[in-house]
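If you're wondering where the values come from, they're calculated on a predicted model, not measured in any experiment.
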Number of protein chains: 2
Amino acid sequence: MSTVDRALTLLDLFSESRPESGLSELARLAGYDKATTRRFLVALGNHGYVEQDPESRKYRLGAALLRLANVRETTFPVTDLVLPILNRLRDSTAETAHFSLVAGNSMATVMIAESPRANRVSLEQGERLPLHSTASGIAWLAFAPDKTVQRILAKPLKPLTSKTETDPERLRKQIETARVNGFAVADQSHEDDVHGIAAPVFNANAHSSGAIAVATPVSRVTPETAQQIQMAVHQAALEITNVLGGEPHKIFTNANKEAGQ
Amino acid sequence: MSTVDRALTLLDLFSESRPESGLSELARLAGYDKATTRRFLVALGNHGYVEQDPESRKYRLGAALLRLANVRETTFPVTDLVLPILNRLRDSTAETAHFSLVAGNSMATVMIAESPRANRVSLEQGERLPLHSTASGIAWLAFAPDKTVQRILAKPLKPLTSKTETDPERLRKQIETARVNGFAVADQSHEDDVHGIAAPVFNANAHSSGAIAVATPVSRVTPETAQQIQMAVHQAALEITNVLGGEPHKIFTNANKEAGQ
DNA sequence: AACCAACGGTTCAATTAATGAACCGTACAA
DNA sequence: TTGTACGGTTCATTAATTGAACCGTTGGTT
């Protein structure tokens, strides 16, 4: 992992639930030395990608990101294209649908279409979730480079519920199953009472860039609804891959190449 | 300049008018070796901050920026706060007002409120403009760290019109005048027939983060309108500094400290 | 008020990663 | 066919990154 990679990892640590962090906190989260972390933050700050509250001395994401996101959105719109697909998925399943991008070693929820029902799964935008406990994460891992999968499996797999898979070998089996099926299922492995079905989406690059998923209260899951959701999710994933300029047929041929190498 | 700094500079090269670039093009623009540039792009790509078109092999900004901008905007909104001020400035002057952030060695136009008149100055969102030829750039330089000013002055000052200041010493005088006045004037120094008045805005960090400006067709500039615009721009700059959490009274005490060092 | 732990930030010799000239294969135009 | 420019890669040389130890400060505990 290059120095630049490590510096960029700091940006991935920010989310809606942790919008500000102190120097030591960031160093701890990223696993870097304080001095190193600070040099990275200064470099990021020089470009406006992070800024520091002068009172609390905490760091937060910077305003320059607005410009970049703006350029990206106006020259290659995604939100406008993905949102209708997400809404249609929500409508056809009557459950909460969400679209996630991979951010470092986790999935970041980028867009959410909430179920109209009173009893529904509610998600926080921008929230970062682990790869190993979520359907989206496993769906992404299923088509991620081997090296990445190995790196994730090598780390301790933190149990979040009693059903979280913590054994690397059994998780690898789950990932392989997801690759064969084209979608992943997470039955209460991230949160009790929540059942997730996810399929990977591919952008213009060869590898998977994220996942689309439907999260259901487990009380409503039956074999019939599950299958219906699987099909809807799979269809939506293909549509998103399409608007992102990805090539779904590459799914089974390019999954084991390391990105950009 | 650190390695991380150099890598981040690549992001600053993208704009609405240059949303995609090839490897050699980026290397040339940034002044790096091709191999170095590519390693940076791979690192940026690993985090989704750039992506590559598989056909043309050109690089563009990545989708992960949307997440970061989203987190930034929802936890620390700026657009919502700045836009009304910008619109009011446009209304009170009946000229095109715009808000720019510094991006590397240039100013990036982030928000625009166009004049209602038929003959007006029209700007492109996300466009990157040089520091030395624009009112916004000079306004920002007036409160930038000395080292930064020296770095800019050391580079060749590209003439864009017959009135562009290309002599480093005379430009330094202009910058000092802007510091004393609290605003900068650019009379056709960036484009013929365009007259600009800009004032710096300050964010939560000590140094200036950008500038707000009004651009006028030179035919409408009189001493009276110029003074009216100066006052309106200055007032708007104070308001924006306020909503950004900056402290305008630090202007004259912190301008000569290098950012974050 | 004395103590202590944790904070943000800094220093510099030891270490490790970045660098770039030269290279390959390819695509396209003259 | 030749020439040029492209994206991408290699590896000995070089230059930057690293992190333990440090400083001063803050805020809570005894």
Nearest-0.5 Å distance, CD of residue B:Gln174 to CG of residue B:Asp167: 10.0 Å
Distance (rounded to the nearest 0.5 Å) between A:Leu171 CG and A:Thr164 OG1: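 Rounded to the nearest 0.5 Å, the CG-OG1 separation comes out at 10.5 Å.
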Could I get the full list of side chain to side chain donor-acceptor pair (under 3.5 Å) partners for [X], not counting sequence neighbours?
| X | answer |
| --- | --- |
| B:Thr75 | none |
| A:Arg6 | A:Thr3 |
| A:Ser15 | A:Ser17 |

Contact list (N/O, under 3.5 angstrom) for nucleotides 25-30 of chain C vs protein:
none

Mapping B:Ser21 and B:Ala35 to their closest nucleotides on DNA chain D, which lands nearer the 5' end?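 Its nearest nucleotide being more 5', the pick is B:Ser21.
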Among the nucleotides D:dG8, C:dG8, C:dA21, which one has an atom lying closest to any side-chain atom of B:Leu23? D:dG8
With the side chain of A:Gln52 defined as its heavy atoms from C-beta on, choose the nearest nucleotide among D:dG19, D:dT10, C:dG8.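 Looking only at heavy atoms from C-beta outward on A:Gln52, the closest nucleotide is C:dG8.
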For DNA chain C, the residues among residues 25-33 of chain B that have a non-hydrogen atom under 4.0 Å from it: B:Asp33
Can you tell me whether the side chain of A:Lys34 and the base of C:dG8 have a donor-acceptor pair closer than 3.5 Å? yes
Which residues share a salt bridge (Lys or Arg N to Asp or Glu O under 4.0 Å) with B:Glu239, sequence neighbours left out: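 Applying salt bridge (Lys or Arg N to Asp or Glu O under 4.0 Å) to B:Glu239 gives B:Arg88.
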Residues in salt bridge (Lys or Arg N to Asp or Glu O under 4.0 Å) with B:Arg57, at least two apart?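 None.
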OP1 or OP2 of [N] sitting under 4.0 Å from any side-chain N/O of [X]?
| X | N | result |
| --- | --- | --- |
| B:Arg38 | D:dG8 | yes |
| A:Ser24 | C:dA6 | no |
| A:Tyr59 | C:dC7 | no |

Measuring only between side-chain heavy atoms, which start at C-beta, is A:Phe99 closer than 4.5 Å to A:Val201? yes
Can you find a heavy atom in the side chain of A:Thr109 that is under 4.5 Å from one in the side chain of A:Glu124?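 Contact flag for A:Thr109/A:Glu124 side chains = no.
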Between A:Thr241 (side chain only) and A:Phe202 (backbone N and O only), is there a donor and an acceptor less than 3.5 Å apart?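 Here the side-chain-to-backbone pair exists.
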How many Å lie between NZ on A:Lys58 and C1' on C:dC7, as a whole number? 11 Å
Measure the distance from CG on A:Leu41 to P on D:dT18 and round it to the nearest whole Å.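 So the CG-P distance, A:Leu41 to D:dT18, works out to 13 Å.
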Residues pairing under ring-ring contact (aromatic ring centres under 6.0 Å, His included) where one sits in residues 5-25 of chain A, two or more places apart or in two chains, turn out to be none
Pairs meeting criterion salt bridge (Lys or Arg N to Asp or Glu O under 4.0 Å) with involvement of residues 19-31 of chain A, two or more places apart: A:Glu20-A:Arg60
Set of residues satisfying ring-ring contact (aromatic ring centres under 6.0 Å, His included) with respect to B:Phe40, sequence neighbours excluded: B:Tyr32
State, to the nearest 10°, the angle formed by the axis through the first five base pairs of the helix from C:dA1-D:dT30 to C:dA30-D:dT1 and the axis through its last five. 30°
Can A:Phe76 and B:Leu61 be said to form a side chain to side chain contact (heavy atoms under 4.5 Å, CB included), step by step? CA-CA 9 Å; A:Phe76 197 73; B:Leu61 294 174; over 6 Å; no
Where do N or O atoms of nucleotides 11-17 of chain D meet protein N or O atoms at under 3.5 Å, pair by pair?
residue: D:dA16; atom: O3'; partner: B:Thr3; partner atom: OG1; Å: 3.2
residue: D:dT17; atom: OP1; partner: B:Thr3; partner atom: N; Å: 2.8
residue: D:dT17; atom: OP1; partner: B:Thr3; partner atom: OG1; Å: 3.1

